[in-house]
Amino acid sequence: MAVIQTTGLSKRYKDRWAVDHLDLRVEQGDIYGFIGENGAGKSTTLKLLCGLARPTEGEALLFGKPVRDPVARRRVGALIEQPGLYPDLSGGENLRLYAALLGLDSPERQAKEILRTVGLSSKEKKPVRHYSMGMKQRLGVALSLLGGPDLLLLDEPINGLDPEGIREMRELLLRLNRERGLTILISSHILGELSKVATRYGIIQGGRMVEQITAAELEQKCTDYLYLRTDQPQKAAALLERELHLNRWEMRPEGELRVYEAVDVRAVGQTLALSGIAVEAMGLHRQDLESYFLERMGGRDHV
């Protein structure tokens, strides 16, 4: 079941498309890693999904209903940019206030339960302005959990955290997904951390979707491979398949041949040479998550 489905979703500011006909799909139970460089349109997309901005064109559905449908909106919790915390109140006081504003039953009980869920003490009396960045981010997630949502939209929740804070946030998100069955869309540019939690990814560049891919598919694509460039790529592929029994290979659009299985490099060279196929370049390539995303976004220096 699609928890989020967008079709041609677009947002234009004057002469610039912040989100450009975006097709995005998040399945129930996903932890969806939304990836892109700064200014790619991640935050604007999340604002469109939680009703903080109106689309210029296109459609977004939450649980099969339009974003502004009150039933759908009650099932969504969001943390967009910085959490809206009252700095002179404690974490518990912030939660109780927001619970009361939302008209929730038993705000005191809800506040205690949610604080315990995110690893904060309900007995902590110090004001939020004295909280660490990690505590503020966890409190922001706590606010998004008020009302018992089925979907969380989190915009850069680990940005600015120290290693311990990142670990705590990672464990919290995994626990919410596994124990409560929450679907989570999390935008981030910290790829190493996303790879530890995400079950599906969406890569956005210039407001457009570059690729959507599952974690399992990504793992297959991020295997090491032998790359090969020759003057006769099609003939080389057929020859290697016949003579060396290679099955896991692909021909790239630019004519590069990639072999995704263990192979004797010298045997490849000898086989091609004996058939008169000139080797222009050949070598082993080790690809990780970051290099894959950078390649998909045109070899940018950062995401």
Side-chain angles (χ1 to χ4, degrees), residues 31-34 42-43 46-47 49-53 62 70 72-190 192-194 196-198:
I31 299 180
Y32 188 102
F34 197 34
K42 302 189 300 296
S43 295
L46 266 63
K47 289 176 182 177
L49 291 176
C50 65
L52 294 177
L62 302 176
R73 292 184 69 172
R74 280 198 295 269
R75 299 179 67 183
V76 180
L79 173 59
I80 308 296
E81 296 175 344
Q82 298 298 319
L85 302 173
Y86 290 92
D88 294 326
L89 300 182
S90 69
E93 289 169 335
N94 268 277
L95 276 181
R96 288 192 293 273
L97 175 60
Y98 274 101
L101 290 173
L102 291 171
L104 302 179
D105 294 331
S106 307
E108 180 75 29
R109 178 180 55 79
Q110 286 220 29
K112 285 184 178 180
E113 290 178 357
I114 293 175
L115 285 171
R116 184 167 58 249
T117 296
V118 301
L120 295 174
S121 173
S122 60
K123 298 179 180 178
E124 178 62 72
K125 301 301 182 184
K126 70 180 178 183
V128 165
R129 67 172 181 270
H130 295 311
Y131 278 21
S132 68
M133 177 66 76
M135 293 174 69
K136 289 178 180 177
Q137 288 296 85
R138 277 184 284 153
L139 184 56
V141 174
L143 291 176
S144 73
L145 292 173
L146 285 170
D150 298 308
L151 168 66
L152 291 185
L153 304 175
L154 305 178
D155 186 21
E156 301 277 5
I158 58 178
N159 193 27
L161 300 186
D162 60 21
E164 179 65 15
I166 290 174
R167 182 189 64 79
E168 291 173 349
M169 182 63 70
R170 179 176 71 241
E171 292 176 351
L172 170 61
L173 297 180
L174 287 171
R175 190 166 68 251
L176 292 171
N177 176 255
R178 292 168 180 169
E179 297 178 4
R180 298 196 177 193
L182 288 183
T183 302
I184 303 173
L185 188 155
I186 172 173
S187 76
S188 182
H189 61 274
I190 305 177
E193 282 305 313
L194 273 186
K196 297 175 183 176
V197 298

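Just the heavy atoms: all of them, side chains too, but no hydrogens, waters or symmetry mates, feed the values below.
- Atoms CG and CD1, from D150 and I184 in turn, are 12.0 Å apart once rounded to the nearest 0.5 Å.
- The shortest side-chain heavy-atom distance between V128 and K136 falls under the 4.5 Å cut-off.
- Counting only heavy atoms from C-beta outward, the side chains of L172 and M169 approach each other to under 4.5 Å.
- At a threshold of 4.5 Å between non-hydrogen side-chain atoms, the residues E156 and S188 count as touching.
- Side chains of L115 and E124 form no contact here, defined as non-hydrogen atoms less than 4.5 Å apart.
- In this structure, the separation between CG on L62 and CZ on R73 is 9.5 Å, given to the nearest 0.5 Å.
- Counting non-hydrogen atoms of neighbouring residues, nucleotides and ligands closer than 6.0 angstrom, the CZ atom of R129 exceeds 12 such neighbours.
- Taking all atoms of both residues into account, the shortest heavy-atom contact from P157 to Q137 is O-NE2, 2.9 Å.
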Please report, to 0.1 Å, the donor-acceptor pairs under 3.5 Å made by any side chain of residues 95-114, with sequence neighbours excluded.
{"residue": "Y98", "atom": "OH", "partner": "G84", "partner atom": "O", "Å": "2.4"}
{"residue": "R109", "atom": "NH1", "partner": "E113", "partner atom": "OE2", "Å": "3.4"}

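- Remark: K125 NZ to H130 NE2 distance equals 15.5 Å, nearest 0.5 Å.
- In this structure the side chain of L152 reaches within 4.5 angstrom of the side chain of L145, judged on heavy atoms.
- Heavy atoms from other residues, nucleotides or ligands lying under 6.0 Å from CZ of R178 number 12 at most.
- The distance from the CG atom of L153 to the OG1 atom of T183 is 10.5 Å, given to the nearest 0.5 Å.
- Residues P127 and P87 share a closest heavy-atom pair of CB-O, 3.3 Å.
- Shown here for P149 and S144, the closest heavy-atom pair between the two residues is CG-O, 3.3 Å.
- Open room surrounds NZ on K123; 12 or fewer heavy atoms of other groups in view lie less than 6.0 Å from it.
- Judged by distance alone, the side chain of D155 and the main-chain N or O of L79 form no donor-acceptor pair under 3.5 Å.
- K47 is listed as a side-chain neighbour of I80, based on a closest heavy-atom distance under 4.5 Å.
- Taking 4.5 Å as the limit, some side-chain heavy atom of I31 sits within range of a side-chain heavy atom of I186.
- Here the options are R180, R138, E179, the test is side chain to side chain donor-acceptor pair (under 3.5 Å), and the partner is T117; only R180 passes.
- Here the CD-CG distance, from E168 to L120, works out to 9.0 Å after rounding to the nearest 0.5 Å.
- The closest side-chain heavy-atom distance from L49 to L185 is below 4.5 Å.
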Task: Intermediate values then yes/no, side chain to side chain contact (heavy atoms under 4.5 Å, CB included), L143 and L85 - done: CA-CA 9 Å; L143 291 176; L85 302 173; 3.4 Å; yes

- [ ] Could you give me the CA-CA distance, side-chain angles and deciding distance for L154 and L173, then say whether side chain to side chain contact (heavy atoms under 4.5 Å, CB included) is met?
- [x] CA-CA 10 Å; L154 305 178; L173 297 180; 3.4 Å; yes

